[in-house]
Amino acid sequence: MNYNSLLTNIYDQDLAMQEEVLTAVATEVRRSTALTQTFLNNKMFFAGWDDYIKERGGSFLTEPSLDLYDKYGQLKDVGKLWIPLYDLRDDCIGFGFYDDGTANPGAPVKYRMQRTFEVSKYINVRRQTYIDAIKDGYIFVCDGFMDKYHIEAYGMHS
């Protein structure tokens, strides 16, 4: 599943809203203004209401097997930061989700991976990051996707 059209529609229709929310997250939750541009460049976003993904990407995204909506048609990660995961072609191939606790106080886990994303088959790296890493001769390998974006926010390849 390639989610590029969903990301394009979100950023075409809701760029101002996403910029405002992501800036708040980067400065208040993660305490880092350097993350704002990294979040925007990687097209992270907030799904603010239950039908958000369906409205932006199409009703086929409600199929429970995609692990975005449950079998009752409810969006699983409403109010969370959606983190696109990319392959070397810069295709979005899945999502990770982050909850700072404000949307779901007392949630046992802050992070969730989309069940359909096969972690063992991919390394989450953008094409240009990989090219720059080869050119500069180094890359940091991280376990977590938020670690990756923190490192990249400070100009290092991850």
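Along the sequence shown, residues carry numbers from 1. Quick caveat: nothing in here was measured; it's all calculated off a predicted structure.
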Original post:
Step by step, would you call Y52 with I10 a side-chain contact (heavy atoms from CB on, under 4.5 Å)?
Top reply: CA-CA 9 Å; Y52 188 78; I10 287 170; 3.3 Å; yes

Original post:
What is the distance from atom CG of N42 to atom CG of L85, rounded to the nearest 0.5 Å?
Top reply: 10.0 Å

Subject >> Non-hydrogen side-chain atoms of F140 and D147 separated by less than 4.5 Å >> reply: no

Original post:
Got a second to check how far T62's OG1 is from F60's CZ, nearest 0.5 Å?
Top reply: 9.5 Å

Original post:
Between the side chains of D14 and Q18, does any donor sit under 3.5 Å from an acceptor?
Top reply: no

Original post:
Do side-chain atoms of D91 reach the backbone of I93 as a donor and acceptor pair under 3.5 angstrom?
Top reply: no

Subject >> Separation between CG of L35 and CG of L40, rounded to the nearest 0.5 Å >> reply: 10.5 Å

**OP:** Side-chain contact test, heavy atoms from C-beta onward, threshold under 4.5 Å: evaluate it for E55 versus W49 and give yes or no.
**Re:** yes

Subject >> Taking every non-hydrogen atom, the tightest pair across K80 and D77 >> reply: NZ-OD1, 3.1 Å

**OP:** Please check if the side chain of K148 supplies one atom and the backbone of S158 the other of a donor-acceptor pair under 3.5 Å.
**Re:** yes

**OP:** Output, in order, the C-alpha distance, side-chain angles, deciding distance and verdict of side-chain contact (heavy atoms from CB on, under 4.5 Å) for D90 and N4.
**Re:** CA-CA 9 Å; D90 273 344; N4 291 339; over 6 Å; no

**OP:** Kindly check if the number of other-residue, nucleotide or ligand heavy atoms within 6.0 Å of CD (Q128) is above 12?
**Re:** yes

**OP:** Find the distance between CD (Q114) and CD1 (I83) and round it off to the nearest 0.5 Å.
**Re:** 12.5 Å

**OP:** Keeping the roles fixed (side chain from D87, backbone from R89), state whether a donor-acceptor pair exists under 3.5 Å.
**Re:** yes

Original post:
So, do D67 and R112 sit near enough that their side-chain heavy atoms are less than 4.5 Å apart?
Top reply: yes

**OP:** Can you measure from CG (L75) to CG (L68) and round to the nearest 0.5 angstrom?
**Re:** 7.5 Å

Original post:
Atom CG in L7, atom CE in M44: separation rounded to 0.5 Å?
Top reply: 11.0 Å

**OP:** State which residues pass side chain to side chain donor-acceptor pair (under 3.5 Å) with Q13; sequence neighbours excluded, sorted by chain then number.
**Re:** R56

Subject >> From CA spacing to verdict: side-chain contact (heavy atoms from CB on, under 4.5 Å), M156, Y138 >> reply: CA-CA 9 Å; M156 295 175 274; Y138 78 92; 3.9 Å; yes

Original post:
So which heavy atom on G96 is nearest to which on M113, and how close?
Top reply: CA-SD, 4.2 Å

Original post:
Do you know which two heavy atoms are closest between P84 and K43, and how far apart they sit?
Top reply: CG-O, 3.3 Å

Original post:
Where the side chain of Y11 meets the backbone of L6, is there a donor-acceptor pair that is under 3.5 Å apart?
Top reply: no

**OP:** Quick one: which residue pairs count as a ring-ring contact (aromatic ring centres under 6.0 Å, His included) with a foot in residues 66-94, not counting sequence neighbours?
**Re:** F45-W82, W82-F95, W82-F97

**OP:** Answer with yes or no whether the hydrophobic clustering places L15 together with L22; edges join I, L, V, M, F, W, Y residues whose side-chain heavy atoms lie under 4.5 Å apart.
**Re:** yes

Original post:
Residues two or more places apart in sequence or in another chain: which of them pass side chain to side chain contact (heavy atoms under 4.5 Å, CB included) with T129?
Top reply: V125, R126, E152, H157

